[in-house]
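Input: a single structure, listed below in structure tokens.
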Amino acid sequence: MKIATWNVNSLRVRLAQLEEWLRRAEPDVLCLQETKVQDADFPVEAFAAQGYQVAFHGQPTYNGVAIAARGPLTDITRGLVGLEDDQCRALAATFAGLRVASLYVPNGTAVDSPRYPYKLGWLEALRAQSRQWLDRNPALVLAGDFNIAPEDRDVYDPSAWEGSVLVSAPERAAFAALIAEGLADALAGEGRDYSWWDYRAAAFRRNQGLRIDHILLGPPLAANFVRGAVDRAARAHPRPSDHAPVVIEVAWPPG
DNA sequence: ATGCCGCGCCCTGCGCGA
């Protein structure tokens, strides 16, 4: 079972790349973020042509999440329980016995921005929602753009980033609280790599990146983790997203 | 210190991203 997540930074702009990438990477389930497409305009046929069923939760201009899978997606839910949010940032569905969530955690903008407490509140709602999901089905996958670099080794220049948004202590504490619910950061060990590089200042060429896109696994999936990696080739593509896909394999169903 | 780039949608400049 191949599980992937990719912040595409506009599905419309990246659709041809994504179609090519699906043929090459062959994920069984793919979580997308920053689709920036409202539901009426979602390119369902492009996915169907490659055998993928889709669920999506989008709005014009900003945000937008989706899940594509090689099989039926059931029990689709939008948003997070207990959180009023007019931004389309969370979508969950059940596929092949897995509970899969595609997540676009708010950026926060800066630690002194009004969007920063919104980010921390959003993360607390995600933690509470994850507790519920795990209690219902421990085969949980949280995949997406978390907009948090969990440790200094996930940052190309930790001293330059110290205390700023994406690395600040409260954000890292919120990430740790998610993990403490019983989730494993799939690429915390082997395969650990940056997942985002700024478009500006030739950041990708200079490998000035951050690891902010993550796949978190519930216990039965973490126990059957096989391998994982960041697909840097996608970031090297002409006119790329600023994020690269994260792809993992788990032995699922087990045995 | 700022912009460096890229996206969307219209204020084709500006907000936003990370």
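In what follows, chains carry the letters A, B, and so on, assigned in the order in which the sequence lines appear, proteins first and then strands, with residues in each chain numbered from 1.
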Taking [atom1] from [X] and [atom2] from [N], how many angstroms apart are they, rounded to a whole number?
| X | N | atom1 | atom2 | result |
| --- | --- | --- | --- | --- |
| A:L166 | B:dG17 | CG | C1' | 10 Å |
| A:W161 | B:dG17 | CH2 | P | 13 Å |
| A:D145 | B:dC16 | CG | P | 17 Å |
| A:Q87 | B:dC16 | CD | C1' | 11 Å |
| A:H214 | B:dA18 | NE2 | P | 12 Å |
| A:N63 | B:dG15 | CG | P | 17 Å |

I'd like a table of donor-acceptor pairs (distance under 3.5 Å, sequence neighbours excluded) in which one partner is a side-chain atom from residues 41-50 of chain A, with atom names and distances.
residue, atom, partner, partner atom, Å
A:D41, OD2, A:Q38, NE2, 3.3
A:Q50, NE2, A:E19, O, 3.0

Original post:
Could A:D185 and A:R192 be called an ion pair, given the rule that one side-chain N must be under 4.0 Å from one carboxylate O?
Top reply: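 Answer for the salt bridge query: no.
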Taking atom [atom1] in both [N] and [M], what distance in whole Å separates the two?
| N | M | atom1 | result |
| --- | --- | --- | --- |
| B:dC10 | B:dG15 | C1' | 12 Å |
| B:dC11 | B:dT2 | P | 28 Å |
| B:dC16 | B:dA1 | P | 23 Å |
| B:dG6 | B:dT12 | C1' | 15 Å |

Under 3.5 Å, N/O pairs linking protein and nucleotides 5-9 of chain B:
residue, atom, partner, partner atom, Å
B:dC7, OP1, A:R14, NH1, 3.1
B:dC7, OP1, A:R14, NH2, 3.4
B:dC7, OP1, A:R239, NE, 3.4
B:dC7, OP2, A:R239, NE, 3.4
B:dC7, OP2, A:R239, NH2, 3.1
B:dC7, O3', A:S10, OG, 3.3
B:dG8, OP1, A:S10, OG, 2.2
B:dC9, OP1, A:T61, N, 3.4

Can you name the residues that form a side-chain contact (heavy atoms from CB on, under 4.5 Å) with [X], not counting sequence neighbours?
| X | value |
| --- | --- |
| A:R127 | A:E124, A:A177, A:L178, A:E181 |
| A:N63 | A:Q59, A:Q87, A:R89, A:Y104 |
| A:A90 | A:L80, A:L103, A:W122 |
| A:P238 | none |

Subject >> A:H243 side-chain N/O to B:dG17 phosphate OP1/OP2 under 4.0 Å >> reply: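 False: A:H243 side-chain N/O out of range (4.0 Å or more) of B:dG17 OP1/OP2.
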**OP:** Determine which pairs satisfy ring-ring contact (aromatic ring centres under 6.0 Å, His included) with at least one residue from residues 58-97 of chain A, sequence neighbours left out, and list them in order.
**Re:**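 Residue pairs passing ring-ring contact (aromatic ring centres under 6.0 Å, His included), neighbours aside: none found.
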Subject >> A:L91 with A:I215, same ILVMFWY side-chain cluster at under 4.5 Å >> reply: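 Yes; A:I215 is reachable from A:L91 via cluster members.
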Show me the donor-acceptor pairs, under 3.5 Å and distance only, between side chains in residues 108-116 of chain A and residues at least two apart or in other chains.
residue, atom, partner, partner atom, Å
A:S113, OG, A:R115, N, 2.9
A:Y116, OH, A:S168, OG, 2.7

Subject >> CZ/A:R131: more than 12 non-hydrogen atoms of other groups inside 6.0 Å >> reply: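 Atom CZ in A:R131 is packed in, count exceeds 12.
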Original post:
Is there a residue in residues 147-159 of chain A whose heavy atoms reach under 4.0 Å of DNA chain B, and which residues are they?
Top reply: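 DNA chain B contact set from residues 147-159 of chain A: A:N147.
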Original post:
Looking at DNA chain B, which of residues 113-127 of chain A put a heavy atom within less than 4.0 Å of it?
Top reply: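 Per residue number, the list reads A:R115.
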Original post:
With a 4.0 Å cut-off on heavy atoms, is A:Y104 in touch with a base, just the backbone sugar-phosphate, or nothing at all?
Top reply: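 Sugar-phosphate, backbone atoms only, no base.
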Original post:
A:W21: what forms a ring-ring contact (aromatic ring centres under 6.0 Å, His included) with it, not counting sequence neighbours?
Top reply: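 For A:W21 the ring-ring contact (aromatic ring centres under 6.0 Å, His included) partners, ignoring immediate neighbours, are A:W6.
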Sequence neighbours left out, cut at 3.5 Å: what donor-acceptor pairs do the side chains of residues 139-146 of chain A make with other protein atoms?
residue, atom, partner, partner atom, Å
A:D145, OD1, A:N147, N, 3.0
A:D145, OD2, A:N7, ND2, 3.0

